Q: 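I am attaching a structure below and will ask some questions about it afterwards.
Every value quoted in this text rests on a predicted model; they were computed, and no experiment measured them. Hydrogens, waters and symmetry mates play no part in the numbers below; they use all other heavy atoms, side chains included. Lettering follows sequence order; numbering is per chain, from 1.
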Amino acid sequence: VVTYNSLMHGYCLQNQVDEARTLLDLMVKMGYSANVTTYSTLMNGYCKVHRVEDALNLYREMCDRGLVPDVVTYTTLVDGFCRIGKVEAAIEVFSEMTATGQSPDVTTFAVLLDGLCKCKHLDKAMRLVQDLEDRKVTWDIYIYNILMNGMCISGKVDYAMELFSSLESKGLKPNTVTFNTLINGLCKEDRRSEALKLLGEMKDKGCSPNAATYDVLIRGFLKPNEMSKVAELVREMSSSGFSVD
RNA sequence: CGGGCCCUGGAC
């Protein structure tokens, strides 16, 4: 079963969820029984490509076969609904999971927060943060990144910068995504010089810029046609080993 | 053996 699950995971990573699904039928024919991981893997494969209906069908199928969905299964579904913008449905799944006595973990909160943030429901996201605190779930850098991104999306870049400043005091290190998120937020607001300052800061802190970092900055400087800066960034990007296309 | 964050493309 573990072998089949790993194979399915591999297919899903290559966006070949239908092939992965075929393996489910095959393993049953071979007399193996799928477990919760099997179903969660496939459901995630479907959710990633926005085929949440198919994921739901698998969810029903696994329940029919007497399998009990766990926190990963529920989190996968919450994520799926968020990805297609159905945050209300995601919240329902979240409630259903707590109703069945499963505790949402930091990842469950992260996906739901991300869904709320991306729909610009920053207020609701903040209420969920309160819930997260009440449950004594410890924050990780993903939670911070998601909230900072949500603030930027909702036009509150300064709040995001404030949250960023509070990271060290919480004992958390910003990562590349943290900086990218803020640089993106600043560039979207045409605050390019501050964005450049963050690029410097990330390097100083030993946090390597990646292709997304340069992508965001280059787009930012292309907008006002600051071509010398664009050229400089492009040079830096390719000398760092990233392809410039 | 399975779940979460940034940019661009895909896929839908």
Side-chain angles (χ1 to χ4, degrees), chain A residues 1-18 20 23 27 32 34-55 58 62 67 69-80 82-85 90 93 97 102 104-118 125 132 137 139-153 160 164 172 174-188 195 198 202 207 209-220 222 237 242-245:
Chain A
V1 186
V2 173
T3 310
Y4 277 100
N5 289 351
S6 304
L7 271 172
M8 286 180 190
H9 189 223
Y11 275 119
C12 289
L13 288 180
Q14 304 171 55
N15 284 330
Q16 306 204 278
V17 62
D18 291 311
L23 279 179
M27 72 187 286
Y32 296 105
N35 61 18
V36 178
T37 299
T38 315
Y39 279 98
S40 301
T41 303
L42 283 175
M43 286 168 59
N44 188 46
Y46 280 124
C47 288
K48 282 259 163 59
V49 294
H50 293 195
R51 289 168 62 179
V52 183
E53 271 310 318
D54 291 313
L58 280 175
M62 74 180 280
L67 292 169
D70 65 9
V71 58
V72 175
T73 318
Y74 283 114
T75 302
T76 300
L77 272 181
V78 171
D79 186 42
C82 287
R83 294 188 119 94
I84 60 173
V93 174
M97 112 175 246
Q102 303 258 17
D105 64 10
V106 65
T107 302
T108 319
F109 276 102
V111 299
L112 190 50
L113 281 173
D114 192 45
L116 288 167
C117 285
K118 295 212 163 116
L132 184 152
V137 176
W139 295 44
D140 62 13
I141 191 64
Y142 281 67
I143 298 283
Y144 281 97
N145 290 347
I146 287 164
L147 290 177
M148 286 185 238
N149 191 39
M151 290 167 179
C152 290
I153 287 171
F164 172 69
L172 282 172
N175 59 20
T176 300
V177 174
T178 313
F179 285 103
N180 290 353
T181 302
L182 293 170
I183 290 172
N184 185 36
L186 290 167
C187 284
K188 290 253 158 73
L198 277 180
M202 78 187 285
C207 203
N210 60 16
T213 317
Y214 290 109
D215 232 84
V216 167
L217 281 166
I218 290 169
R219 274 168 216 280
L222 273 174
M237 179 176 185
F242 300 109
S243 61
V244 185
D245 17 57

Q: Should stems be defined as at least three consecutive Watson-Crick or G-U pairs with both distances under 3.5 angstrom, which of them involve RNA chain B?
A: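 In RNA chain B, stems of three or more pairs: none.
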
Q: Could you give the CE-to-P distance, from Met43(A) to G4(B), as a whole number of Å?
A: 13 Å

Q: Gln102(A) has an atom CD; how far is it from atom C1' of G3(B), in whole Å?
A: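 Atom CD in Gln102(A) sits about 13 Å away from atom C1' in G3(B).
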
Q: Quick one: label Thr181(A) by what it contacts on the DNA or RNA (base, sugar-phosphate, nothing), any heavy atom closer than 4.0 Å.
A: sugar-phosphate

Q: Any donor-acceptor pair under 3.5 Å linking the side-chain atoms of Asp70(A) with those of Thr73(A)?
A: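 Yes - a donor-acceptor pair under 3.5 Å links their side chains.
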
Q: Would you mind classifying the nucleic acid contact of Val71(A) as base, sugar-phosphate or nothing, using non-hydrogen atoms under 4.0 angstrom?
A: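 It contacts base atoms.
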
Q: Using whole Å, what does the distance between atom P of nucleotide G3(B) and atom OH of Tyr46(A) come to?
A: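 So the OH-P distance, Tyr46(A) to G3(B), works out to 17 Å.
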
Q: Compare the minimum distances between each of G3(B), C1(B), C5(B) and the side chain of Asn44(A), then state the nucleotide with the smallest one.
A: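 Nearest to the side-chain atoms of Asn44(A), counting from C-beta on, is G3(B).
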
Q: Out of G4(B), C7(B), G2(B), which nucleotide sits closest to the side chain of Val36(A)?
A: G2(B)

Q: Within this structure, what is the CG-to-P distance between Leu13(A) and G2(B), rounded to whole angstrom?
A: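 Interatomic distance, CG of Leu13(A) to P of G2(B): 9 Å.
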
Q: What pairs with Phe109(A) under ring pair (Phe, Tyr, Trp, His ring centres under 6.0 Å), at least two apart in sequence or on another chain?
A: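 Only Phe94(A) meet the ring pair (Phe, Tyr, Trp, His ring centres under 6.0 Å) criterion with Phe109(A).
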
Q: Taking CG from Asn149(A) and C1' from C6(B), how many angstroms apart are they, rounded to a whole number?
A: 7 Å

Q: For Asn149(A) and Asp114(A), which I'm curious about, is there any donor-acceptor pair between the side chains at under 3.5 Å?
A: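 Note: Asn149(A) and Asp114(A) side chains miss the donor-acceptor criterion.
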
Q: Give the rounded distance in Å between these two atoms: CZ of Phe109(A) and C1' of C5(B).
A: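 Spelled out: CZ on Phe109(A) to C1' on C5(B) is 17 Å.
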
Q: Kindly point out which of G2(B), C6(B), C1(B) is positioned nearest to the side chain of Lys118(A)?
A: C6(B)

Q: Filter on salt bridge (charged side-chain N to carboxylate O under 4.0 Å, His left out), then keep only pairs touching residues 38-51 of chain A, sequence neighbours left out; what's left?
A: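 Qualifying pairs: Asp18(A)-Arg51(A), Arg51(A)-Asp54(A).
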
Q: Identify all pairs in which a protein N or O lies below 3.5 Å from an N or O of nucleotides 8-12 of chain B, and state each distance.
A:
unit_1, atom_1, unit_2, atom_2, d
G10(B), N2, Asn15(A), ND2, 3.4

Q: Less than 3.5 Å between a donor and an acceptor, one on the side chain of Asn35(A) and one on the base of G2(B), is that the case here?
A: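 No such pair is found, so the answer is no.
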
Q: Among residues at least two apart in sequence or on other chains, which ones pass ring pair (Phe, Tyr, Trp, His ring centres under 6.0 Å) with Tyr46(A)?
A: none

Q: Closest approach to the side chain of Val2(A), judged atom by atom: which nucleotide of G4(B), G2(B), C1(B) is it?
A: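 Taking heavy atoms from C-beta onward, the closest nucleotide is C1(B).
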
Q: Name the closest nucleotide to the Tyr142(A) side chain, picking from G4(B), G3(B), C1(B).
A: G4(B)

Q: What's Val111(A) touching, base or sugar-phosphate or nothing? Going by heavy atoms closer than 4.0 Å.
A: sugar-phosphate

Q: Using a cut-off of 4.0 Å on non-hydrogen atoms, how would the nucleic acid contact of Thr108(A) be classed: base, sugar-phosphate, or nothing?
A: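 Counting heavy atoms under 4.0 Å across all strands, the contact made by Thr108(A) includes a base.
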
Q: Check whether any side-chain heavy atom of Tyr214(A) sits under 4.5 Å from a side-chain heavy atom of Val244(A), and report yes or no.
A: no

Q: Scan Thr75(A) against the nucleic acid and name what it touches under 4.0 Å (heavy atoms): base, sugar-phosphate only, or nothing.
A: base

Q: How is Thr213(A) classified with respect to the nucleic acid when contacts are heavy atoms under 4.0 Å: base, sugar-phosphate, or nothing?
A: nothing

Q: What is the minimum heavy-atom distance between Leu42(A) and Ala20(A), and which atoms define it?
A: CD2-CB, 3.5 Å

Q: With a 6.0 Å cut-off (strictly less than), is the heavy-atom count around OH of Tyr11(A), excluding the residue itself, greater than 12?
A: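 Counting neighbours around OH of Tyr11(A), 12 or fewer heavy atoms of other residues, nucleotides or ligands fall under 6.0 Å, so no.
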
Q: In chain order, what residues pass the ring pair (Phe, Tyr, Trp, His ring centres under 6.0 Å) check against Phe179(A), with sequence neighbours excluded?
A: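 Listed in chain order: Phe164(A).
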
Q: Determine whether any donor atom in the side chain of Thr38(A) lies under 3.5 Å from an acceptor atom in the base of G2(B), or the reverse, and answer yes or no.
A: no

Q: Which atom names give the shortest non-hydrogen contact between Ile183(A) and Ala195(A), and what distance separates them?
A: CG1-O, 3.9 Å

Q: Counting side-chain heavy atoms from C-beta on, which of C6(B), C5(B), G4(B) comes nearest to Asn175(A)?
A: C5(B)

Q: Rounded to the Å, how far apart are Asp114(A) CG and C5(B) P?
A: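 To the nearest whole Å, that distance equals 6 Å.
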
Q: Of Thr176(A), Asp215(A), Asn180(A), which meets side-chain hydrogen bond (donor to acceptor under 3.5 Å, both in side chains) against Asn210(A)?
A: Asn180(A)

Q: Need one value for Asp245(A): base, sugar-phosphate or nothing, where a base atom within 4.0 Å counts as base even if backbone is also close, heavy atoms only.
A: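 Nothing, no nucleic acid heavy atom in range.
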
Q: Looking at Arg83(A), does any N or O in its side chain come under 4.0 Å of the phosphate oxygens OP1/OP2 on G3(B)?
A: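 For G3(B), neither OP1 nor OP2 has a side-chain N or O of Arg83(A) closer than 4.0 Å.
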
Q: Using only modelled atom types and a 3.5 angstrom limit, is any donor from either the side chain of Ser40(A) or the base of G2(B) paired with an acceptor on the other?
A: yes

Q: Rounded to whole Å, please give me the gap between CD1 in Ile143(A) and P in C6(B).
A: 13 Å

